[in-house]
Amino acid sequence: MARVKVFLSFEFDKDEELHRNFYAQAAEYSCHEIEDYSLNEAYRPHDKSWLKKAHAQISRSDIVIVVVGEDTHNAPGVKKEVTIANQQDKPIFQIRPKRWTSGMVDGAGDEIPWKWKKIDAKISECLNR
């Protein structure tokens, strides 16, 4: 089992439950030992300390995963995190819970369904790149 540091990008004000569910399910269903390297605080425009923390956490992570909720594609904090991940050339992909139908996040890589066999396969692919 590989230890994987995951920065989970999500719309903080609306999708905290998805964040909690991801890590709870990872502990039970993933073949990887997934560590939470998420920022866990709401985006604050023009706050340089938030940007600095986001840069630091993403740089420490192995992979960035974007959880696509109903309005994630419009979330400014998620867009900033995706930009930072791409600047740092981090592997990045998106997962979509079954009940959500909104748009993908631009620049956040492939989108896969929230199914642990598929998530684990994508994590393994990212680690081997």
Side-chain angles (χ1 to χ4, degrees):
M1 176 184 332
R3 175 173 273 172
V4 184
K5 296 177 258 181
V6 172
F7 183 96
L8 195 69
S9 181
F10 61 101
E11 189 173 11
F12 189 82
D13 294 328
K14 296 180 181 177
D15 295 330
E16 176 64 26
E17 179 184 344
L18 295 175
H19 171 261
R20 284 191 311 272
N21 288 345
F22 177 84
Y23 286 104
Q25 289 178 17
E28 187 171 344
Y29 302 118
S30 181
C31 66
H32 300 286
E33 186 179 333
I34 296 179
E35 296 181 45
D36 185 358
Y37 273 65
S38 307
L39 192 51
N40 294 320
E41 64 182 77
Y43 171 67
R44 295 181 305 275
H46 313 296
D47 181 348
K48 292 183 183 195
S49 69
W50 184 93
L51 279 173
K52 188 175 182 178
K53 289 176 194 174
H55 275 277
Q57 287 301 103
I58 291 169
S59 72
R60 291 182 190 112
S61 68
D62 298 315
I63 297 173
V64 174
I65 300 174
V66 178
V67 177
V68 181
E70 279 301 314
D71 199 39
T72 307
H73 62 289
N74 291 321
V78 170
K79 290 178 181 180
K80 291 277 187 193
E81 292 165 349
V82 167
T83 297
I84 293 166
N86 285 318
Q87 288 170 344
Q88 294 184 10
D89 197 31
K90 291 291 179 176
I92 185 170
F93 65 93
Q94 306 175 61
I95 58 173
R96 179 185 300 277
K98 191 174 186 176
R99 65 181 190 234
W100 303 122
T101 59
S102 63
M104 292 175 55
V105 177
D106 289 337
D110 296 336
E111 181 186 270
I112 62 169
W114 188 317
K115 295 183 179 187
W116 278 99
K117 285 185 181 181
K118 292 181 184 270
I119 293 169
D120 280 338
K122 190 65 175 178
I123 288 172
S124 294
E125 177 187 317
C126 288
L127 293 175
N128 291 324
R129 83 166 210 190

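Values in this document were obtained by computation on a predicted structure and should not be read as measured data.
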Practice prompt. Would you please classify the geometry between the Phe22 ring and the Trp116 ring as parallel, tilted or perpendicular, with 30° and 60° separating the classes?
Written response: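 Rings of Trp116 and Phe22: tilted, as their planes differ by 30° to 60°.
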Side-chain heavy-atom pair [X], [Y] within 4.5 angstrom cut-off:
X      : Y      : result
Leu51  : Lys80  : yes
Ile58  : Gln87  : no
Trp114 : Leu18  : yes
Asp120 : His32  : yes
Tyr43  : Phe12  : no
Phe93  : Ile123 : yes

Taking all heavy atoms of [X] and all of [Y], pick out the closest pair and write down the distance.
X     : Y      : result
Gln57 : Tyr37  : NE2-O, 3.1 Å
Arg96 : Glu111 : NH2-OE1, 2.6 Å
Gln94 : Gly109 : NE2-O, 2.9 Å
His55 : Gln88  : O-NE2, 3.2 Å
Thr72 : Gly69  : OG1-N, 2.7 Å
Pro91 : Arg129 : CA-NH1, 3.6 Å

Worksheet item: Sub-3.5 Å donor-acceptor pair from the side chain of Asp15 to the main-chain atoms of Val67, do we have one?
Response: no
Discussion item. Does Lys90, at its NZ atom, have more than 12 non-hydrogen atoms belonging to other residues, nucleotides or ligands within less than 6.0 Å?
Written reply: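 More than 12 heavy atoms, drawn from other residues, nucleotides or ligands, come within 6.0 Å of this atom.
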Lys/Arg N to Asp/Glu carboxylate O, [X] vs [Y], below 4.0 Å:
X      : Y      : value
Lys14  : Glu70  : no
Glu17  : Arg20  : no
Lys118 : Asp110 : no

Linking I/L/V/M/F/W/Y whenever their side-chain heavy atoms sit closer than 4.5 Å, directly or via other members, would [X] and [Y] fall into one cluster?
X      : Y      : answer
Met104 : Val82  : no
Tyr23  : Val64  : no
Val4   : Phe7   : no
Leu8   : Ile119 : yes
Ile92  : Val6   : no

Worksheet item: Would Lys5 and Arg60 satisfy side chain to side chain contact (heavy atoms under 4.5 Å, CB included), going step by step from the backbone distance to the final call?
Response: CA-CA 8 Å; Lys5 296 177 258 181; Arg60 291 182 190 112; 5.5 Å; no
Worksheet item: Do Ser38 and Asn40 get their side chains close enough for a donor-acceptor pair, meaning under 3.5 Å?
Response: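 There is no such pair (donor and acceptor under 3.5 Å, judged by atom type) between the side chains of Ser38 and Asn40.
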Rounded to the nearest 0.5 Å, how far does [atom2] of [Y] lie from [atom1] of [X]?
X      : Y      : atom1 : atom2 : value
Ser30  : Gln25  : OG    : CD    : 10.5 Å
His73  : Lys79  : NE2   : NZ    : 8.0 Å
Asp62  : Arg3   : CG    : CZ    : 10.5 Å
Tyr29  : Lys115 : OH    : NZ    : 14.0 Å
Ser124 : Ile63  : OG    : CD1   : 8.0 Å

Item to complete: Sequence neighbours left out, what passes salt bridge (charged side-chain N to carboxylate O under 4.0 Å, His left out) with Asp47? Give chain and number order.
Response: Arg44
Discussion item. Checking His19 against Asp36 for the side chain to side chain contact (heavy atoms under 4.5 Å, CB included) test, could you report, in this order, the C-alpha distance in whole Å, the side-chain angles of both residues, the deciding distance, and whether it holds?
Written reply: CA-CA 10 Å; His19 171 261; Asp36 185 358; 3.2 Å; yes
